[in-house]
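Here is the structure we will look at, set down as structure tokens.
Here is the naming used below: chain letters follow the sequence lines, and residue numbers restart at 1 for every chain.
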Amino acid sequence: MPFKKIFMAAMLLISSHNVSSMQGAVIDGVTYPANTPEAWLLKLNQGLRTLNYQLSFVVIHANSQLKPYLWRHSIVDEVEMEHLSLLNGPGSEIFRIDDKISYFEPNSVPFSRQSRYINGPIPVQFFKDPLKLKEGYDLVLVGRSRVSGRSAQQLRIVSKDGSHYGTTIWLDQETGLLLKLDTVDAAGNLVEQLQVTSLNVFEEPDPYFEKVDESRLPEVNRLTNLPGTEHAWQINWIPPGMKIIKQDIHRLAASKEIVEYVMLSDGLVDISVYISKTQSRPEDGGWVRHESNTLFSINNGALEVTVVGKIPPQTANRIATSIGPSN
Amino acid sequence: MTQSKFENLSAFVDGEQSEQKLVDELCNDAQLSAKWQRYHIARDCLRNELPDELQLDIAANVAKALENEPAIVAPVADKKEESTTKPFFGQVIPMFRQGGQFAVAASVAIAVILGYQQFNQPEVDAPFNAAPTIAVSGIQGGLSPVSLEQTRALPASNVAEQKRKMNAMLIDHQQQVRMKNAESLSEDEKEKSEDKVDDQK
């Protein structure tokens, strides 16, 4: 199989470098010496964006089925291509070619949207601008260990004010690619775990992408990136490092209910804030957890505020209770 | 529509089942027919067998377009539940039965509701958009983790409604996250990051 030959050749090439040394990185005129967390994050970013690779990984939440994925990335004639596939069940396939992402899912007509970033289980900021995480998190380099059969560098991403869960990542020494990601709450319990079970890096682009017929991919649905809406309310406390990346009024697909909506994000964690009408009696705040998400809700008899995201309930509470009329 | 009907339909599309009864229902039921069509489109697409012209149903105005957004089909809660009184319970409440073919909807089903935690806070009388921000005593910085043992039984009349709403929001949140535009994380730096990628190649 040509794959194997290329793979062996690539591994020989890569392993011929001195494994223990690492180049420092210069970005925007700032030099990050080797063996700083910044340099490692940049190495992760560079690996994710420029290498030809294929990763198998699994995502695990407490009380929930394990989800296995396959992720391919290649540069074909200077165009980035990605493929993310959920391997259990009827499956879901996502293809990215340059800035067009096409979705093929059961129960849905295939469609495309315009973006350079697939929002998958691997946090999008690793692909985009990982140093921006420093706004909300402290980066700490930990030791080296063996993960997925490879030598790995461990790095902690710690919330500056404790408002977010802690994230620990393990990066492949040679390529910088992600091998493992743990999300842990303040008590040390695992909220979510992502583990790469096999990693292959190639010299040449994955032949799989030759089979994708670009002309058959659905046209970009322009309506998925609509301009925002002003609301009569605003969130007065947002966790450090996060910003509002979406606000609109839309209908929930499952209940047909209309909601006013805001999304907060820092590229690592996404939080949804919903305001909806309610008929129920005024309730004290309450929360539930589903997989890695916290859903926190309070209402005053007329309106209900619900905050959903991979965040501690105390943070959701703080966001929800900070909402007031807009200035 | 029952889940087993959809599962039968899926199996039928895959050529694994042929019941005359299902064929009859398919001809008579508009919803089932529409689903039939969509399964085939998805299947054809994955197998690279799509026809050259595919009619996509995108309506003219925004409100309709939002409704036609590829929706994750979630089983609708049984309407009967809303009017009947439920006995008190504070334990595990399965939201939806796990369906075989409902990949996304089934995976979002709430398997465990831990119950509502009670926080100390003053009652708010005023309408929400006029109220000052609600102070929640004891829940500021330096929080202690909320104990999962402090559950209380939910008032019966609210339960079905709450469950439905919560599930709808969980599903929507996951969809919003998948569709989010990561470029919005830093609009002004969009050009810069594209240049970086070019340099690294």
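- With rounding to the nearest 0.5 angstrom, the CG atom of B:L185 is 8.0 Å from the NZ atom of A:K132.
- At a 4.5 Å heavy-atom cutoff, the contact between A:N293 and chain B is made by side-chain atoms alone.
- The nearest pair of heavy atoms linking B:M166 to A:L295 is O-CD1, 3.6 Å.
- Closest of all the heavy-atom pairs between A:K128 and B:S186 is NZ-OG, 2.5 Å.
- Environment of NZ in A:K160: crowded, with over 12 heavy atoms of neighbouring residues, nucleotides or ligands closer than 6.0 Å.
- By the 6.0 Å contact criterion, CD on A:Q234 is enclosed, its count of non-hydrogen atoms from other residues, nucleotides or ligands being greater than 12.
- The contact between A:V308 and chain B is made by backbone and side chain atoms together, counting heavy-atom distances below 4.5 Å.
- In this structure, CZ on B:R178 lies 4.5 Å from OG on A:S92, to the nearest 0.5 angstrom.
- Of the possible donor and acceptor atoms, none in the side chain of A:R116 sits under 3.5 Å from a partner among the backbone N and O of B:A182.
- The heavy-atom pair separating B:M179 from A:N119 by the smallest distance is C-ND2, 3.9 Å.
- B:D172 and A:Y274 form a side-chain donor-acceptor contact under 3.5 Å, judged by distance and modelled atom types alone.
- Of the inter-residue distances, the one linking B:L170 atom CG with A:E291 atom CD reads 9.0 Å to the nearest 0.5 angstrom.
- Residue A:D185 does not touch chain B at all, counting heavy-atom pairs closer than 4.5 Å.
- Of the atoms belonging to A:S276, it is side-chain heavy atoms, and not backbone ones, that fall under 4.5 Å from chain B.
- With a 4.5 Å cut-off on non-hydrogen atoms, A:I118 does not touch chain B at all.
- A:T306 and B:K165 are not linked by any side-chain donor-acceptor pair at a separation below 3.5 angstrom, with hydrogens and angles left out of the test.
- Residues B:N181 and A:Q114 form no side-chain contact, since every pair of their non-hydrogen atoms from C-beta on lies 4.5 Å or further apart.
- Nearest heavy-atom pair, A:I245 versus B:K180, reported as atom, atom and distance to 0.1 Å: CD1-CD, 3.8 Å.
- With sequence neighbours left out, the ring pair (Phe, Tyr, Trp, His ring centres under 6.0 Å) criterion links A:F126 to no other residue.
- Proximity to chain B (any heavy atom under 4.5 Å) is shown, for A:Q65, by neither the backbone nor the side chain.
- Listed here is the closest heavy atom pair of A:Y261 and B:Q176: OH-CB, 3.2 Å.
- In plain terms, the two heavy atoms of A:L252 and B:M169 that are nearest each other are CD1-CG, 3.8 Å.
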With side-chain contact (heavy atoms from CB on, under 4.5 Å) as the criterion, how do A:H290 and B:H173 come out once you've worked through the C-alpha distance, each side chain's angles and the decisive distance to 0.1 Å? CA-CA 12 Å; A:H290 175 258; B:H173 169 74; over 6 Å; no

